[in-house]
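One structure is given here, and the rest of the page talks about it.
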Amino acid sequence: MALSWNEIKDRALKFSKEWQGETREHAEAKSFWDGFFHIFGMSRRRLASFEQSVKKLNDKYGFIDLFWKGTLLVEHKSKGKNLDRAYSQALDYFSGLKERELPKYVLVSDFEKFRLYDLDDSTEYEFNISELHDNIKLFGFIAGYQKRVFKEEDPVNIKAAELLGKLRDLLEDNGYNGHPLEVLLVRILFCLFADSTGIFEQDLFKEFVEVKTGIDGNSLGTLLSEFFQVLNTPRSKRLKNLDESLNQFPYINGKLFEEPLPIPAFNSQMREMLLDCCGLDWGKISPAIFGSMFQAVMKSDERRNLGAHYTSEKNIMKLIKPLFLDELWEEFGKVKKNKTKLKAFHKKLAQLKFLDPACGCGNFLIISYRELRLLELEVLRELKGSQQVFNIDLLVLVEVDQFYGIEYDEWPVRISEVAMWLMDHQMNLLVSEEFGQYFTRLPLWKSANVVHGNALRIDWEAVVPKNKLNYILGNPPFIGSKLLNKEQREEMANIFLGVTNGKILDYVSAWYLLASKYIQNTNIKIAFVSTNSITQGEQVGVLWYEMLNNFGIKIHFAHNTFKWNNEAKGKAAVYCIIIGFSNFDINNKYLFVYSDIKGEAAQLKVKNINPYLIDANDLVIVRKNKPICEVPKMSFGNMPLDGGNLIINDDELSDFLKLEPKAKKYILPLVSAKEFLNQKNRWCLWLEGIEPQELKSMPFVLDRVQKVKEFRLASKAPSTQKHSLTPTLFRDRNRADSSIVVPRVSSENRKYIPMGFFDKNYIISDTCMSIPNATKYHFGILTSIMHMAWVKYTCGRLKSDFRYSKGIVYNNFPWPKDPAKKNTTKVEKAAQKILDVRAEFPDSSLADLYDPLTMPPKLVKAHQTLDKAVDLCYRPKPFPNEMARIGYLFELYNEYT
């Protein structure tokens with residue numbers, strides 16, 4: 001059993017008294033360092049060797065005074081000698097060491113002074129031997145006590161995953177695969193962490209592999225099988241003549257080493273790979289993130305982008321703090337001075353139950369457990385104060401078995417269980433350090449309850465009865481409705497049976513609905529991370545209508561859209577939201593709003609949060625066939641449905657007219673979104689009303705018409721085949737004397753969606769919407785910041801870009817109610833000014849003019865004038881911000897409908 005800090009400190013004081021004050025010679029070093037390691041209850045002979053021969057850069061050999069491979073290099077001198085030279089000499093040895101042998105610490109000493117260099121943190125500490133007991137925690141790494149600073153993007157995380165990935169590939173290439181390979185890797189992973197964090201004696205596993213197996217690696221598989229069996233056997237039941245190198249390992253239990261596995265065949269390369277893994281400091285890798293990274297290890301095609309496979313702790317905290325953590329800390333603050341209430345609060349912490357129904361490698365459960373243990377540590381500090389603590393294992397009540405999960409893949413299930421044990425061990429070390437008594441939970445009698453299964457097909461009550469559960473949390477899969485496979489479509493169809501338009505919903509919606517059903521007649525609180533699509537566009541009217549009206553759901557807190565990513569190369573950013581909800585209402589609701597989606601949120605206390613994540617009454621906007629106000633109808637542009645045969649690109653036009661000059665009068669400019677925004681030209685054959693005889697006189701046009709007919713006939717869709725009867729025509733033929741053109745997709749970076757007027761001599765394509773016979777007043781309202789606020793919260797998205805629709809966005813938009821004539825006139829004048837300013841930049845495209853970086857100041861000012869004029873049409877009082885605008889618009893919408 002490891003020594004407590006109090007015992008270590010006492011030994012250090014005794015050691016320093018024994019050695020200080022007298023002149024010591026180099027020859028006494030062995031006794032000195034044997035005694036030094038004894039302070040920590042460790043054997044120097046097992047860990048470190050004297051006079052290690054090393055070849056230096058000058059091809060000469062030197063001898064390291066004391067060397068613990070991969071951890072510590074000691075260079076000592078006689079009393080009074082120069083320690084700077086000693087350090088320089090120590091560094092000279094590095095070139096002759098393997099990478100896995102490079103030390104993390106260098107210690108130089110003259111028996112009177114110690115100088116410790118922490119190479120990872122680039123720090124150094126110097127003190128006299130008389131001060132050793134006051135600085136003894138600097139050497140915690142010898143006993144497995146270390147202050148861990150976890151960096152999510154630390155290169156050691158990537159390197160660790162890559163090394164384990166290579167070992168996995170070698171084993172699989174050798175025919176060891178499937179379930180046995182997954183279990184073997186999880187066991188190795190546990191042992192690597194155990195070797196670095198004090199579960200095993202420091203580097204015990206590394207020494208076992210290095211000393212007990214031959215260089216060829218042939219015996220390694222057999223030895224590991226025996227080793228795993230020993231870890232699963234209590235000491236009292238082990239063979240009496242068991243090799244001491246095996247018997248020195250503790251009994252682990254936890255069923256981790258219970259299952260018999262086929263014996264893997266290793267070779268020298270695999271053995272070296274495992275030793276390279278042993279050479280890393282696995283204690284530096286947070287259990288909260290390593291799981292997702294090692295999930296990627298099992299998929300070699302994902303390994304090149306390892307950093308993309310975990311959810312950052314910062315983002316997890318965004319969810320768990322408002323879900324339960326802030327509330328618990330607040331309660332702790334109220335009861336901490338009352339011992340009776342504090343003890344009751346402590347028992348409450350030990351009774352809380354958590355479920356992640358899409359837990360992956362357990363990131364949310366692990367961080368939640370850690371935070372609960374940190375809160376419990378504060379409780380224990382208050383309860384015990386300066387009292388000496390005995391039997392600390394009876395005081396720590398929070399356990400890993402309070403946490404439940406459901407996960408589709410087996411490998412993450414195993415990883416999450418191990419990660420929870422490792423986090424438990426790290427928290428136990430914190431408790432040990434706090435109360436000066438070593439505390440560990442070995443053997444592992446309890447574990448997280450993570451079920452291997454499909455959360456959309458199994459009964460959640462079979463995992464954890466809802467009357468015992470307090471919180472549901474997690475990060476369900478981000479899969480769009482159009483990307484679902486056959487099995488996922490079947491699951492969605494079953495879950496949303498009877499729900500109108502359930503087919504348009506993204507996969508994550510299933511977790512929302514199942515959770516809403518599960519929590520009925522309970523006080524369970526839920527929070528999920530999701531793509532923002534379920535709070536935008538048509539999905540809101542489907543999912544949230546069901547949740548609000550059939551299950552009484554109320555949103556308690558929410559994070560508006562923010563960018564959920566990390567620094568891994570080559571991955572797409574995901575635009576996420578977090579929604580906390582339940583089936584009961586609360587008074588204190590909080591909305592986290594991002595002025596910059598890559599930045600930090602501002603926390604707002606609000607009266608209500610509706611499905612669009614704004615402070616407004618609960619409502620959902622459903623698709624409508626006509627506008628809710630008296631305004632011109634919007635229509636789709638004209639779809640050619642032609643296989644590209646009625647379209648002529650700008651660079652084709654002159655050659656085509658040389659071949660077919662008579663076609664000129666039938667060629668019209670085609671306004672598609674890309675060309676409209678980027679000031680490009682495109683053309684189309686508009687053959688409406690052409691005489692058959694004239695068509696036959698233009699063979700190149702006729703050839704294109706023939707290809708349109710063939711394209712339509714080749715389609716599997718009967719509706720497309722029907723249009724083969726009229727191959728000269730676009731599928732749609734909408735032409736008004738004048739129309740406002742609205743691109744269906746526009747960049748999120750633009751403050752305004754660029755729109756424009758076109759007459760009937762321009763054919764508007766189906767990549768745009770059109771508003772026939774609209775006025776400058778309509779143009780002014782639609783190009784205002786007021787309308788853009790509505791767009792941001794109600795339109796769907798293509799990736800992160802706005803996807804404008806008539807059924808959801810335009811037809812539901814609440815136009816000003818009975819605006820005064822003077823105000824509508826101001827809007828019309830301001831709208832004309834915008835068109836005039838645009839015309840002053842004939843060589844600039846709309847994309848250039850509305851790029852936030854290049855938008856001309858005159859155009860900015862013109863839009864600001866328009867925005868003020870539009871605001872006056874709604875109300876005399878200015879709107880202070882976007883939230884005020886959208887809140888007002890939702891109230892107006894409610895009034896209209």
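We number each residue from 1, following the sequence as shown. Just so you know, these numbers use all the heavy atoms, side chains as well, and skip hydrogens, waters and symmetry mates.
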4.5 Å side-chain heavy-atom contact, [X] and [Y]:
X	Y	value
Met427	Val398	no
Leu231	Phe227	yes
Leu184	Phe228	yes
Ile188	Leu274	yes
Ser481	Ser509	no
Leu372	Leu349	yes
Lys104	Asp281	yes
Tyr471	Ile524	no

Q. Can the ring centroids of Phe205 and Phe249 be said to lie less than 6.0 angstrom from one another?
A. no
Q: Run the ring-centre check on Phe528 versus Tyr512 and record whether the distance is less than 6.0 Å.
A: yes
Less than 4.0 angstrom from a charged side-chain N to a carboxylate O is my criterion; do [X] and [Y] meet it?
X	Y	result
Lys206	Asp203	yes
Glu172	Arg168	yes
Asp424	Arg373	yes
Lys321	Glu371	no
Asp276	Arg100	yes

With a 3.5 Å cut-off and no angle check, do the side chains of [X] and [Y] form a donor-acceptor pair?
X	Y	answer
Gln539	Asp506	yes
Asp216	Ser268	no
Glu491	Asn454	yes
His179	Glu410	yes

Q. What closest approach, in Å, do Ala455 and Pro357 show between heavy atoms, and which atom pair accounts for it?
A.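 Smallest heavy-atom distance, with atoms named: CB-O, 3.0 Å.
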Does atom [atom1] of [X] have more than 12 heavy-atom neighbours, drawn from other residues, nucleotides or ligands, at distances under 6.0 Å?
X	atom1	answer
Glu99	CD	no
Phe478	CZ	yes
Lys468	NZ	no
Glu490	CD	yes

So, does [X] use its side chain to make a donor-acceptor pair with the main chain of [Y] at under 3.5 Å?
X	Y	value
Asn532	Thr561	no
Arg489	Leu484	yes
Arg238	Thr233	yes
Glu210	Leu275	no
His559	Ile579	no
Asn174	Ala265	yes
Arg187	Glu182	no
Glu407	Asp409	yes
Gln402	Glu399	yes
Ser196	Trp282	yes

When rounded to the nearest 0.5 angstrom, what distance separates [atom1] in [X] from [atom2] in [Y]?
X	Y	atom1	atom2	value
Leu239	Leu242	CG	CG	6.0 Å
Asn315	Asn475	CG	CG	9.0 Å
Leu543	Ser533	CG	OG	9.5 Å

Q. Parallel, tilted or perpendicular: which fits the ring planes of Tyr369 and Phe403, with parallel below 30° and perpendicular above 60°?
A. perpendicular
